[in-house]
Structure formats: structure tokens, C-alpha cells
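Each chain gets a letter, A, B and so on, in the order its sequence line appears, and its residues count up from 1.
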Amino acid sequence: GNKSEDGAAGGGDLSGKIKIDGSSTVFPIMEAVSEEFQAANPDVQAPVGVSGTGGGFEKFVRGELDLANASRPIKDEEKTAAGDKGIEFTEFELAKDGLSVVVSKESDFIDHLTVDELKKMWLEEGKVKTWKDVRPEWPAEKIEFFSPGTDSGTFDYWNEAILEEKPMRRDAQLSEDDNVLVQGVTGSKNAIGFFGYAYYQANKDKLKAVPIDGGNGPVEPNAETIESGEYAPLSRPLFTYVNNKSLKDNEAVYEYTKFALENAGELASSDTIGYVSLPKEKYEEQMKKLDELAGK
Amino acid sequence: MGLINKESVKKRMGSRIAANGLAKFLFILATGFSLLVLGVLIYRILSQGLPYLSFDFITNFASRMPERAGIWAALLGTIWIMAVTAPVSFILGVGTAIYLEEYAKKNAFTKFVQVNISNLAGVPSIVFGLLGLTIFVRLAGLGSSVLAGGLTMSLLILPVIVVASQEAIRTVPREIREASFGMGATKWQTIRRIVFPAALPGILTGTILALSRAVGETAPLLVLGALAYVAFVPENLLSQFTVLPIQLYNWTSRPQEDFHMLAASGIIILLIILLIMNSIAVLIRNKFHKRF
Amino acid sequence: MVVRENFQLQLEEMKQAIVQISKLTEEALELSVDALKNQDLDKALQIIENDNRINVLEDEINDMAILLIAKQAPVASDLRRIIAAIKISSDIERMADFAVNIAKSTIRIGKQELIKPLEELPNMAYHAIKMLTTATKAYIDEDVALAKELADLDDYVDETYGKIIKELLELMTQNPEHLSQISQLLFVCRYIERTADHATNIAESIIFLVKGKRYGLND
Amino acid sequence: MVVRENFQLQLEEMKQAIVQISKLTEEALELSVDALKNQDLDKALQIIENDNRINVLEDEINDMAILLIAKQAPVASDLRRIIAAIKISSDIERMADFAVNIAKSTIRIGKQELIKPLEELPNMAYHAIKMLTTATKAYIDEDVALAKELADLDDYVDETYGKIIKELLELMTQNPEHLSQISQLLFVCRYIERTADHATNIAESIIFLVKGKRYGLND
Amino acid sequence: MSRDKSNQKSIRSMIQEKKSSRSQSAVMEKVVPKIFLICAIISIFTTLGIVFTLLTETFTFFSRVSIVEFITNTRWFPFTSDENADYGILALVMGTLTVTAIAMVVAIPVGLAAAIYLSEYASAKTRKVIKPILEVLAGVPTIVYGFFALTFVTPLLDKIIPGGISIFNALSPGIVVGIMIIPMIASLSEDAMNAVPNSMREGAMALGATRFEVAIKVVLPAALSGVIASFVLGISRAIGETMIVTIAGGSRPTADINVTESIQTMTAYIVQVSQGDTGFGTTIYYSIYAVGMTLFLFTLIMNLLAQFISRKFREEY
Amino acid sequence: MDITINKQMVQKDKKNQEFTPVFNINNLNLWYGQDHALKDIKFDIPEKQVTAIIGPSGCGKSTFIKTLNRMVEMVPIVRMSGEIVYRDKNIFDPKYGVEELRTQVGMVFQKPNPFPKSIYDNVAYGPRIHGIKNKKVLDEVVEKSLRGAAIWDEVKDRLNENAYGLSGGQQQRLCIARCLAIEPDVILMDEPTSALDPISTLKVEELVQELKKDYSIVIVTHNMQQAARISDRTAFFLNGEVVEYTDTSTLFSNPSDKRTEDYITGRFG
Amino acid sequence: MDITINKQMVQKDKKNQEFTPVFNINNLNLWYGQDHALKDIKFDIPEKQVTAIIGPSGCGKSTFIKTLNRMVEMVPIVRMSGEIVYRDKNIFDPKYGVEELRTQVGMVFQKPNPFPKSIYDNVAYGPRIHGIKNKKVLDEVVEKSLRGAAIWDEVKDRLNENAYGLSGGQQQRLCIARCLAIEPDVILMDEPTSALDPISTLKVEELVQELKKDYSIVIVTHNMQQAARISDRTAFFLNGEVVEYTDTSTLFSNPSDKRTEDYITGRFG
Ligand SMILES: Nc1ncnc2c1ncn2[C@@H]1O[C@H](COP(=O)(O)OP(=O)(O)OP(=O)(O)O)[C@@H](O)[C@H]1O
Ligand SMILES: Nc1ncnc2c1ncn2[C@@H]1O[C@H](COP(=O)(O)OP(=O)(O)OP(=O)(O)O)[C@@H](O)[C@H]1O
Ligand SMILES: [Mg+2]
Ligand SMILES: [Mg+2]
Ligand SMILES: O=P([O-])([O-])[O-]
């Protein structure tokens, strides 16, 4: 990496171990951060785990981690648990992930979908069986639904933004593995599904992203529309939570977090990761917070 | 004489031979089917994985850039885990087997241990992951270290080794034990100098096959908290680690096609490792086959 | 359950062969005495001719014994039975030879008138033949007591033998013209004595067969 | 590699025992002829006494044979060797008995002057003894050719026997006072003839032992 | 053979002298079995550990969800608000059983046929080559099988089956789990059949039996306990199989059996949750322990069954 | 009993060179790979007699007997040349299937090898594979065969018990019964008593002598005494060759070959 | 060779009732659970002679021989009463360890049971477990023992090869050598030739007769002929009892008990 020179925050004599775990969605970003950070600071060990957001938090609230990656904000139960153990933490947003609603390439009749249509389609008590039930002019073909596991941050966000916390239909195909969803939607003509923007981007040739009309006309998901927030409401933030105590006690953690905030945007939006960077100001703001916490 | 009608026996001969031919065809077909599936699998893996397979692939750490990514950390992690698992499971497994076969009296306790072991052999590996997390990572405070992972794996394959060792010890003929006792050897002398060396090939074969199962295991280590991105090799037993299957699993779940191909390359390496281990087992098995 | 039936059968066959040879020998001896008494030369010649059958039978018994030993590896009483068969058949064959010898003497005496009608000699002979019959019976029944009785019978023969020899020697002095005839009778007397001895030998063999111990009846 | 060494050793021991009994018997026969010739009654008594040793030895050979069969389950030539040993020892023992018989005759003749010096009779006897020696040699070497020669030797004995008997009968008519002595000599002559017959029997046994076939030398 | 007397003395007396060292080994005699006993006890502690790990959390789970519902409800849908959630284990159990059944339908005939071929027809050379190859099949990581099911078998089935098949279904992973188990059944059955003494085959052949008759009427019955044991082990393995069903089976638990539709197995559920975002301390979090416990009980029953069966079918020879 | 019987016995022993052969073997050669295991065997096997094969370990006894029902072909590396004629049929004739041959030529093995089934099923196995299903016929066959093998009385009350509950000797007789059940013409026995104790051995020996009334029997045995006891003719094999083949009495009392003599008298090595 | 030798041979066979015993067994009873396997055994085993034990299967031969070195105690359900005195020491005396007893009383088993080690290591095993480590001493012991077991010439060039490469007969002689290596006083043999071919059997038999010059030997055998051939004294066991125990010649030519006679002549059943 040519990043190593300008990213050399600590000048190379830094050492220590950093414990990072959590969301698999955030993993590619943190992997990239670690890779670059370690290239600059060979004596620092910053491995990244993927226990999932929930698994990450479980460890985090026990004090087993320095950083917990999350694709959703921390829940109340988890906060309480952290409180019980006396763990104090800070949330940092690293990048954004656009949820792409995709259909098979063969479904050329679909030009866009509104948020309401999505809601109607995905709700449990929804009467939607065929495309015709969505819009009368569409064919009466049975729709197949694909969704990330109900246990994923992606789903959580969908739940919030589209379903508004109402139960989702139970005949949707769920999978924790977004590649599996890609396969699913590619493989069936009348399928619809949603997953992270990165998965769409990597499979553009096989899938068709549906423009979403959030009230301001149909918007297609791409780097600009997501970064600008134009693609609404389906872009979600990706976080990392830092243990305040580690930040103070472990110089490496501080340097690492700072490095992450400096580089996350650029790394996340690279081709091999496929997320969207936050606006610059957002990172600077967070960096300040970081310095305060660390007492720098 | 005369209850058997020689004529009808002769007449039936043709159809019986035909039935044999048909059955043989079907049996070959079934065997061929399995081999065909294996062929397809291997073909798919090779066609995907070969392009990325290189020396660098083996010696590089993982990277976000597919062309720079390698499996060094995972490979060494796997070796480290095996370095813990192999001796621990071997010692515990053989010890248990020796106890059960040589020392234990035929009582309820022994029977219970026996049933318990064969039951453990059937417990899904993911459950062992939960166990390892609770006992080694948390209670024992080892963290998600090589040691915790190795111990968990040890417990996972322990029953297999015990059963294989028992089998091996049982095939040591009673006669040669008697020969040893007959010369005034004590029980321990007999076990150490006769029974154990004689059973060793069987034990080793069983152990290697069990280890090769452990090499491919993903679920328990995932639960345990093994890491996915590691850019260093473990330094000691308390180091954090990743292993091959986790690295592969991680790559397969990436959106980009390139990572899927990396995974295929990794699978080739994993298969080669398994192949080597199996070959060693087969070698041992053949070399010491039917010694008694 | 009795096993080795086949072996038992063969032992039985061998026994029957001995009974057979013994019967033939008895007949031969009786005939020979009759021929001597009646100076029946044809009969005498007949005896000599018949002897071959007995010789062959002895050989057969020997062969049977050897085959049985080779094939059956007998031990203990089975073995003693076979060895006894060899010995007994040899004794009996020898007795048959004496019948032939008597017949030959008869022929040598020819039609020449006997110096006196033979009485004691045939009696002694019948006695000896009875000993053979007794021995055969003892053999069939493996009867040790009966076998032992033979020793007593033999004592009688020995006694008579002494008497007859003495008498014949006296007759010699009295009838020098019949020296040849009398010396033939001397020999016959000797043959009969030997016949009885062989019967005693058979008795010894029977005792050995049954008891597994040697027991001298001749001493 | 020769196995069953122990068995071979025991067979050898048995053979030696037969050689031994044969030697003793030769001696006895020689002594008996000497005693007869020289009218040496002490010698004659000695022979009778010594005979017991030979009887015992025959029993021992029999026992050895039976034990060997029981313990070693011999077949083929081994078996024939043992059976032959039984038969040969029995023949030899019988020969030793003839020595005793001759000794007894010697005693019966006593110091009574012999009607004529014995010449032909001892010669015939020596010939018969030589037959035993030859037989023993043939046995030791398992020499079939030598054994077959015995048949010829026996022919000579038979011939001589006829002559001597005739001569003795003539002597009888000439010397009626010596009837008793001559009849004893008649018997002795007969004994010697029988001795030679037994030697021929031994030859037959040897041929059987080696060839496994019966071969009639007496006919 | 002459023996050197002085030397004889020396060995015998040397042995006598070394008698003292025997007291030291007497200590070993006492200590060693105790050490091994401890090894044996570790296996019991493992089970206790599992039960303890599973039970504590399972208790918490059942304090929130009634055990009656757990057993009687036929629907499993935890990812919704707590009041709407369904925790009917039957749906997961049916998924597991469906996959297991399909796997067995594939693995038993094919595995057994391969075993019969290898042990009764193939030459020693062929056997020596094929058996290790099949064992490689058993060693292929299960993720590979998972994607094989999803990207190869499912599309294939979709073409074959009239009316098509869902992208996630029970059939495809069932078949692939079956394929994965074939080598295990083939290998173990072959071992069992190989252990049948050749003398028995010869006995039958000498009566004029064909190889097929020998295999079916003599060898198979004689090896039955081992063969059945391999089936049972295969079933345990199918029940416990995780990755294949997670990838290709979908995650829609249902108690209705339709092999062309998506299902979820117990193991897949555990993976789903432990990979997911479930908050620590939520009911869902505890539910995986309850499911794990159920799975544990299942394998326990299978194992006891296996032991019972192999005892029952053991033909003494 | 008459003397003629004795004569017959001796006579028969002396020369039974003329007999009806069931097997004519001519110039039989057999190789295991490079190993020439049978060399130019010429051999006629008589009908309704017991033919014994003796010889040191590895001389080819088992190999020879197994060629007669082509069981030897189970060894993959076997090659053969020469001719074996069974009752005017060349056994290697492809038209004459090996299954058919084996139905005519039964075999009993060294170690008793009953199937792990009931006693009844063991005996019924042969008839069943040959298509006999009628229960009554099977019952009859089973009883007759067990009687024929002199084991009926010992097992008649436990026909449904597993054959492995029987003693070794009983098992071997059961195997003989199993063989009788298909009514073979010839029975081959490869050291049938070498795994049995002396009493069981005697029983099997008696049985063999009983069986020769109806069957032609070829028996391989390590035990010379046994060959001597029960056979009519004996062949002595050495290094794959037939050194001597003659009637048993002659072979054991007066063998014509020095090597035979050495072997049977234990002078071998 | 002189006649006296013959006499001695017969004599010795006739009465060797007086001997120095190495074992005195008195009122020995043994049960396997409820099964009374040895009943009131009274038995003296002579020094430097071969004592054979014969009897039908299951009569207790092996059980008896195994009590002599207490190997029978490996069966957990065994109970014993009575006395076994080995050279004035009660073998059940707790002060007299069983390992020590077994060092004095070696054993050779039915099936050749070499250890799966090299020939050398097999023979050196005994001395080694008894603490002898000196390589020179071991070399010497190995050679001497192998010579003693008449197998040295056959194996001297392959001492480091695995013992399982030997033939059955060689293996059995190796086992005897292994037993000789600890220089026992008594050697127990439980049917040492029942798994061997006739030639190997003869070799072992010859060896046994050689060994009795230096060792007292007790041999169990199924083969009566063998007992007859090689032993000095023979005991006939029946149903756990000693029916007859006398010198071998007497037992086989003229046994005093009807049951012995019936057994040795094959009239048993
Ligand atoms: N399956 C085989 N493969 C190769 N060689 C064999 C095979 N079976 C036998 N042989 C060889 O053929 C020869 C004859 O063996 P065979 O088994 O016929 O001897 P045998 O006389 O029956 O011996 P034994 O008395 O030990 O049973 C031996 O040299 C043996 O090594
Ligand atoms: N381990 C054991 N447990 C129970 N009973 C036994 C055991 N060993 C032997 N027996 C019984 O003790 C009796 C004597 O057995 P043993 O083995 O001493 O006989 P054997 O004469 O050596 O027979 P074989 O000639 O078959 O070897 C038999 O009834 C047998 O069933
Ligand atoms: Mg053989
Ligand atoms: Mg025994
Ligand atoms: O892995 P997640 O980002 O879906 O928690």
C-alpha cells in the first residue's frame, strides 16, 4: 500500500495489541484499516474478528474488546449490560452502506418502487402474492422474496426504514450470507431482494437495482446518491464502538481509531469494499471527540 | 438323493448369473456416481482456484486486495491449533483408551464412560464451540487464544481418538500380553512396552484422521471467537489466531468474485493438507497392516 | 458313543481271521492224527496241500496287522491286540506245520503195518488239539482264566509225552525191524508236544493282550 | 536335516538289542554243540541256565517294539523295522531254545560213550550257526542279497539232515543197545535243521523289512 | 547344547539383584492407572460442561418461553417483537429431519452399493485406490459442499423437476449432505463387510452361489450390525451438519414438509443467530441454547439407538 | 463273518488301481504370478472313494483341491494351463458355468465356516439359492442333510438357534451338512479337522467314511495319520508335484518313492 | 552300544517313580465362578523331565498349567483353594511376588505369540524388563537363547527384522528362545505345536527333548501321539480331575484306568 507513508500516524515505533470484533458488514472496512495501520506500525497487532454485531457487543460489554464493529446502533439491553460491568464507550460512524433493492435482470417491467409499495410487499399481513398485487399492470407472477437474515443489522435497518417495526412476511427467503441472496435473486425470475450496496456492485451484471421513490421521485443507488443522502431512506450507517478505557490506557487503540477515522471513507468506498464514505466534516468532528476522550 | 431337481437348478442358473451381472453394474454405477461428484467438485474448485494459487498466496497475509491476499496467518494458525490439539487429544485419548481397555473393571462407571464417549462423538461441533467459549475463553480466562481453540478442538476430536485407540488396543492380541505377563512383566511394563507400541499404528491412524477432521472445522472456532483478519503469526499459546476454514469462509462471504476465487485457492491448499494427512494415515495403515 | 468304528471293525476282522486260521489248523491237526491212525495217505497228502491256505492266511493276518498299525496308530490294548494277533497267528501257523509234519511222517510210515494200534499218541494229540480249541475260545472271549487253564493242560501233555517216548524207545528195542516207523512216531510225538507248547504260547499272548503283562506259562 | 532323532536313536537301540540276542544265541548254540561233542554236562547245564537271559532279552525287545509303536506311530520302513524286530527276536529266541534242547539231549546221553565220534552233526550245526551269523550280518547291513544267500545255505542243511537221519536210523539197527542215545541224536539233528529254518525265517524278515514284500525262502 | 554355567548364574542372579528396582516400579503400578482414570474422567467433564453450558442458558430461555409452547407450537419465528414471536421447535426439528431423511435416501443406497462393490467385487488394487479417494470426499470442507448445493445442484434440480424448485429448499442440501455422507457409509460399511471372514464367502461360493447372492445373503447379514452402525453414524452426522444446510437450505423454518421449499434446521438456526446481530441477553440469544440442547438430546437418542441396534443385530461369528 | 471278507479287505488294499474316475486331470500347471505352484499334475480321482492329499506346508495341496471347483480363481494373479475333466466335461469350458460346477462339487473348509444364521438357514442356504422355496421340501432337505452329516440328533431341537452356538466339531459337521444339502457329486475337504479337538476329529473322520458310500471325497490333510486312517487312495505332493499317488495302504506301509518315505516317517526337512 | 543301555531304556520306562519334584501340588481346587474346573489335584512335577498333560477339550489342562505360574488369575472370576509349592515356596505366599514366580516359571503358548518387534528385541524383552540394560550382556543372552531354541542359525543374519516375518514354526521357537532368555527353571507349554505344520511340530518336539536336559518342562497337548513321543511322564485329565498320572510308556502301552484307555484308543465320546 502506498497509504503507509502518509498514514504513518505513530511513526512506526508504536506497539501493542488491539482487540477488534463484531459486524461482518463492517469487517471489510476494518480489515483494510488494520492492514494499512499495521503496514505503518509493524509492531502493532490489530486483528479483526467477525462475531457479528450481536456477538461483538456481547464481548464488548464484558470488556473483552477494544473496538466493537456494528452495523446498527447499540441496543438498550446491551447498554445496560455494559453499564453493569462499568464499561464506558463511544460510538463512531465509519461509512454508509446503501441497501439495494434488486430484482432479476429479466424483470424488465419494474422501473421503480415506492417505499409504500415496498412496505406493502414485505409486511406480514400483506396481501401481495404476485406482481399484479403490487401494480395491476404488472404480470400475475408469484413473487419470491429474499432478505438478509432477520438477525442481521441490514435487516434491522430495513425493519426500521420500511416495515416500521411491523413483522415481516414469513415466506421470505432469509440468509445470513448475502452472496447466497445474490444467488437467490439471480436464480429466480420473479424474485426481489435487498442487501448491501457492495453486493449489488459486485454483481451488477447479473442483477438489476430498483430505483426507490422515497417521496422525491425514484433514485438509483450509487456512490453519490448514497453519500449525499439522496438515496433515502435506504442508506444505513456503519459504526465502530470504542471502549473509552482502552482509548486512554492503550496508545495503540487511540492511534488506530484515529487512523480509522482518517482513512475509513476512502477505504470503504474503494472497489474491493464497495461502501460509501461519509462527508469529510463528519470524520473531522469525530476526530475531535476522539482526542477529547483520549485527553490529547 | 433326489430332493434337489438338478434340471431346474440348471435352468435357473442363467437368470441367477444375469442378476449378478446387473447388480454388479448397479454397484459400479453407485461407486462411479460418488467419484463423479468428487470429480465435479474438484473441477469446480480447481477451475476457480488455480489462477490465484502461487507461492505468494501461501506466504502473504490476508489483504483487502485480492491480488495481494494470502493465507500465511491462517495456515500457521491452523498449524498452531494442531500443535495444541494433537498432543492434548492424543494424550487424553490414548490415556482414556488405555484406562478403559486395560484397567477399568466391567462396572457401571466404565459403561457410563463408554456410552458417554460414543455419545460425545455424535455431538455437533457447534456445541463444542459453545462449550469452549464458556469454559476456556471465559471461565479459564484464556481469551480467544490458540490455547483455547486448541483445547476446544481437542475435546471435539477426543471421542474419535478414544474410540480409534480402543479399537487399536483391542486388536492387540491377548496372546502377546500373556506372553509379557508370562515373563514376569508387570502390568505397566506390559502396556508400555508391548500393548502401546503394538497399537500405535492404529492409534496414529485414528488420530491423524481425527486431526484432519479438526483441520476442516469452522463452526466451533467461529463461536469461540477466532479472528477473521490476522496479519501476524501466533507467537505463543495465548496469541490470537485464525485458521484456514475461517479465512475461507470469510472470503466466500465477500461480494467480490475475486475473493471467491481466493477461497477456492485456499480450499485447494486445505485439500492438499487433508490429502497429505490422509495419505500418511493410509501409509501407516498399510505399512503395519496385519502385523499379528 | 463309540467312535473309530472302522478301526473296531478292522480289528474284529483280524480277530475273525485268527479264528479262521485256528479252525483250519484244528482241522488239519485232527485230519493228520486220523490219517496217521488210519494210515490214510491220501488224507495226509491232502493236509500238505491244504497247508498253503493256512500259510497265506498267516501272511494276510500279518499284513492286516501292519496296515492297522500304519493306518491307525494304535496304542494300549488296541496295540497289544494287534501284536498278539501277529504272535498268535505265527504260533498257529507253526501248529499247522506240525500237522504237515505228522502227515509227512504218516506218508513215510506208509502202508507198513503199525507195530501196535495207536491209542495214547492220538489221545495226546486230541488233547493238544483241545488245547488249541481252548486257546481259540480264550482268545475270542479274551478270557484270562481259561488261558491260564491251558498251562495245566500242557502239563498233562508233557507228562504223556515223557511216557510215550519211553514206551516208543522200549518198542524200538523190542521191534528193531520197525525202527524207522517208531522213530517217525517219536518225531510225531515230539510234534504233538510242540503243538501243545504253542497253544500255551497263545495263552501267554492272550494274557498279555488283556493284562498288558507278560506271564510265563511255559516255565 | 534329520528330525525325530530320538526315534532314530531308539530304533538303533532296538537293533543293537537284536544283535545282542543274536550274539548270545550263537554262543549258546556253539556251546551246545561243543557240549554234545565233548559230552560236557556242566557246559550243557550252563547253557540251560544262560537261556533265561535270552528269554528276558526277547521280552525286552518286544516291549521296546510295542513302546516304539505306541509312542512313535511308525509307518512304512520304520514300522516294518519294528515288526521285523519282533519276528526276528522271536526266531532267535527259538534258536536259543534249540540250544537248550540240544543241551538237554546232551544231558540225557550223559557220559554214555558215543557210538561214534560226532562229525557230520557238528558240521551241520556249525553250518546252521553260520547261517545265524550271516542272518545277523544281513540284518545289520539290511543286505537283501546276503539274506537271499541264506536260502541256499539252508538247502545244504536240509540235505545233510536227510543224510544224517538215514545214517542214524542205520546206526540204530546196527546198535540196538544205543537206541536211546541215537534217538537223542535224531532229535538233535532235527533241532539243528529247525535252527537253520529259523535263520531262513530271519532272512525273510530282512527282505520284508527292506523291500516291504513277503518273499518265501522256505518253500 | 552346553550351557555356560557361570553366565547362567550371572543372568539369573542379575535378575535377582534388580529386584530392588521393582519396588520403585511398584509405585508406577499404583500411580499410572490413576493418571489414566483422570483422562477418562475428562470426557465425563466434557459432557457435564456441555450440559452445564447448555442448561443454564436453556433455563433462562424457558423462563421466558413456556416449554409447552416450545414443544407444541409448530411455528418458529423469533425475529419479531417478543409478543409476536413463535418458538415451536417442531418447525426446526422437521427441517432437520427432512434434510436427514433426504440425505439418507441418497446416502444409504449409494453408500451401501459402493461398499458392496468395493468389498465384494472390486480387486484389492481398485479398493486401495478408490477408498482413499472417497475419504477425500469426506474431507472436503462443508462450506464447499454448501456452495456446491446452492450453485450446482439446485439449478440442476430446477431444470429436472417439473414446476421448478425454490432457490432454497430441503432437497438440494439433503442430497448434498447425502453425498457428503456417502463416503462415510461406504467406508464404514466396507470395513464391516471386510471384517466378515473370507471363509464365509468361500463357504457360499462353494455351494454355487453367485457373488451377488454371497453379498446379499451372507456378507450383508453378517455385517449388519456394522452396516447399521454406519447408517446411524451417518444420520447423526446429517443431523449435526451445519454449513451445507445454512447455505442451501434457506432459513424459513416450517413444520410442513415440502422438499422443494425452503426450510431451516436446528444447526442452521444456531449459526444464523450466532453469526447475526442478536443482542446479548435477548430471548433469541437464549433460544440458541435451547435449540442446542434439543440437538444434544437428539444425538444422544441417536447414539443410544445406535448402541441398541448394533447390540441387537450383532451376529456372532 | 467269513474268511473271504478278510481276503477282500487285503485284496482291495493291494490293488484297486482300476476305478471309475470322476475327475481326470491332465498336465495341470498353475502359477501364482511367477510362482509355479502346481507342476504338470496328472491325476485321476476315483468315484465313491476317499482320496487323501498329503504333503508339507506350501506344497500346493490347497491350491490343487481348489482348482477342482475353480475356487482358486478367486486369487486374481492365478494362471492355469492343462485340462481338468469332470465327468466328461471340461470344467474350464465357458459354457459350463462355475456356479454349476460348484453345485456338483461341494467344498468343506479348514476352519468351520457356518454363516451367522440359524442352523436351519445354514443348511437351507444352498437349496434356497438354487430356487427351492417350498417349506416342506426344505424341511426335508435340512433333516436329510443333517442326518447325513451325523449331527441331526445333536441339533434337531435347536434348529433355529444361531450356528455359532455349536462347538467347533459340530460346526464342521454342520458345514458338511450344508454341503450335502445341494446333493453334490464330489465333496472337497481342505483340512477339515485341523481346527478341531481329537474327539471331534474322530467324529468327522467317521463321518467321512460313512459319506463315501454316496459321494466321492477328496480330502487335504496335514495329518498323515488321518490320511492313513480314512482314505482309500493317497497322493503325496511336494513342491507342486505329485510325487506318489497310490492306494493308501501301499503308501503308508511301503511307499515306492524315497521322498514319500522320508516325509511319512518324519525324516523330512 | 551295549546291552545295558537297552536295559536302562526299558528300565527307565518301567519305573521312574522316584524323582526330585519342582512342583508339589496338593488338594488344588479351582472354580470359574460356579464352574468347578479343577478338582482336588494332587500332582508332583519332576525336575528336568518332560511332563505331558492330555485330556479332552475343556478338561482343565490349560487351567491347570496356568495355575502353576498364576496366569490363571488373569480371569477375574477365578477362585482357588489348596497348595502349590514350588521348590519349597508356596506360590500363593504374598511375600513371593507373582512377577518373581513367573520369572522362574516361563511359559510358551498355543499360538506363537512373538511381540511385534525385531527378533532381537523379542528375546531381549525379558532381560530388559528385569532391568538388564548392558548391551554386551544382552547380546550374549540373545545369542545363547536363540541357540538354545535351535533357531540361531536360521535368524542370526536378520536379528533386526520383525519377528512376524518368520514362519509359524520359527516364531514358536523364537517364543521358546524368549522364554529361555530369563533362564527360567520350569517351562510351561500350552499346546505349543497345535498351530504348526507337521515339520515345524517335529522340530519343536525335538527341541523340547533337547531342553529337558536343563529345564523342567510341563507340556499340555491335544495330540496324544505327541505326548507319547516326547514326554517322560503323562497325566490324563478328565473333567478337572487327574485320572491317571504315570510314566508315559506305561500310560500308552498299558494304562491302568479304563477311562484313560478309552481316551487314548479313541473310544471316547
Ligand atoms: N493366494 C496366493 N497368492 C500367491 N501365492 C499363493 C497363494 N496361495 C498359495 N500360494 C503359494 O502357492 C504355494 C502352494 O500353496 P498352498 O496353499 O496350495 O499350499 P498347501 O499345501 O495347501 O499348504 P498348507 O499345508 O500350509 O495349507 C505356496 O508356495 C504358496 O506360497
Ligand atoms: N476364562 C474362563 N472363564 C470361565 N470358565 C473358564 C475359563 N477358562 C476355562 N474355563 C472353563 O474351565 C474348564 C477347563 O478349561 P480349560 O481351558 O482349562 O480346558 P482345556 O483342557 O485346556 O481345554 P482345551 O483343550 O480346549 O484347551 C472348561 O469347562 C472351561 O469352560
Ligand atoms: Mg492348505
Ligand atoms: Mg487349553
Ligand atoms: O454481520 P452484520 O453486519 O449483518 O451484523
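Here Asn119(B) is the residue among Leu131(B), Val40(B), Asn119(B), Leu274(B) with the most heavy-atom pairs under 4.5 Å with chain E. Counting heavy-atom pairs closer than 4.5 Å to chain B, the top residue among Ile38(E), Leu37(E), Ile216(E), Ile44(E) is Leu37(E). Ranked by non-hydrogen atom pairs under 4.5 Å with chain E, the options Leu120(B), Leu155(B), Val127(B), Val123(B) are led by Leu120(B). Put simply, of Val232(E), Thr210(E), Ile42(E), the one with the most heavy-atom pairs under 4.5 Å next to chain B is Thr210(E). Interface check for chain B: of the options Ile288(E), Ile41(E), Thr151(E), Ile35(E), the most heavy-atom pairs under 4.5 Å are formed by Thr151(E). Ranked by heavy-atom pairs under 4.5 Å with chain E, the list Thr252(B), Leu41(B), Ile42(B) is led by Leu41(B).
Of the atoms belonging to Glu120(E), not a single heavy atom falls under 4.5 Å from chain B. When heavy atoms are compared at a cutoff of 4.5 Å, Ile91(B) approaches chain E solely by way of its backbone atoms N, CA, C and O. Interface remark: Ile28(B) contributes backbone and side-chain atoms alike to the contact with chain E (heavy atom separation under 4.5 Å). Only the side chain of Leu134(E) has a heavy atom closer than 4.5 Å to any heavy atom of chain B. In this structure, chain E has heavy atoms under 4.5 Å from both the backbone and the side chain of Leu92(B). Of the two parts of Leu38(B), the backbone and the side chain both hold a non-hydrogen atom closer than 4.5 Å to a non-hydrogen atom of chain E. Heavy atoms of Asn278(B) lying under 4.5 Å from chain E belong exclusively to its side chain. Heavy atoms closer than 4.5 Å to chain E are found in both the backbone and the side chain of Arg16(B). Neither the backbone nor the side chain of Ile247(E) comes within less than 4.5 Å of any heavy atom in chain B. For a residue to count as touching a neighbouring chain, one of its non-hydrogen atoms must lie under 4.5 Å from one of that chain's; by this rule Leu130(B) touches chain E with backbone and side chain alike.
Among residues 294-305 of chain E, the residues having any heavy atom closer than 4.5 Å to a heavy atom of chain B are, in sequence order, Leu295(E), Phe296(E), Thr299(E), Leu300(E), Asn303(E), Leu304(E). Close approach to chain B, defined as a heavy atom under 4.5 Å from one of its heavy atoms, is seen in Ile179(E), Ile182(E) of residues 175-183 of chain E, taken by number.
The OG1 atom of Thr78(B) sits 12.0 Å away from atom CD of Glu217(B), with the distance rounded to the nearest 0.5 Å. To the nearest 0.5 Å, the span separating CD1 on Ile157(B) from CZ on Arg213(B) amounts to 9.0 Å. Note that CD1 of Ile116(E) and CZ of Phe27(B) are 4.0 Å apart. Values are rounded to the nearest 0.5 Å. Put simply, CG on Leu270(B) and OG on Ser212(B) are 10.0 Å apart, with the number rounded to the nearest 0.5 Å. Considering OG of Ser189(E) and CG of Leu220(E), their distance stands at 8.5 Å, rounded to 0.5 Å. We find the CG-CD distance between Leu262(B) and Gln48(B) to be 10.5 Å, quoted to the nearest 0.5 Å.
Looking at Glu29(E) and Lys187(B), no side-chain N of the basic residue comes within less than 4.0 Å of a carboxylate O on the acidic one, giving no salt bridge.
Shortest non-hydrogen contact noted between Ser165(B) and Ala97(B) is CB-CB, 3.4 Å. Between Leu248(B) and Ala263(B) the shortest heavy-atom distance is CD2-O, 3.7 Å. Scanning all heavy atoms of the two residues, the minimum distance from Met28(E) to Pro33(E) falls at O-CD, 4.1 Å. Contact record, Phe212(E) with Asn20(B): N-OD1, 3.0 Å, taken as the closest heavy-atom pair. Of all heavy-atom pairs spanning Trp251(B) and His260(B), the tightest one is O-CD2, 3.6 Å. Between Glu101(B) and Ile169(B), the shortest heavy-atom contact is CB-CG2, 3.7 Å.
Across Leu133(B), Thr134(B), Leu139(B), a single residue satisfies side-chain contact (heavy atoms from CB on, under 4.5 Å) together with Thr53(E), and that is Thr134(B).
In this structure, Phe90(B) and Phe196(B) have perpendicular ring planes: the angle between them is above 60°, well past the 30° mark.
Counting non-hydrogen atoms of neighbouring residues, nucleotides and ligands closer than 6.0 angstrom, the CZ atom of Phe52(E) reaches no more than 12 such neighbours.
Checking Thr126(E) against Tyr117(E) by side-chain atom types alone, no donor-acceptor pair falls below 3.5 Å.
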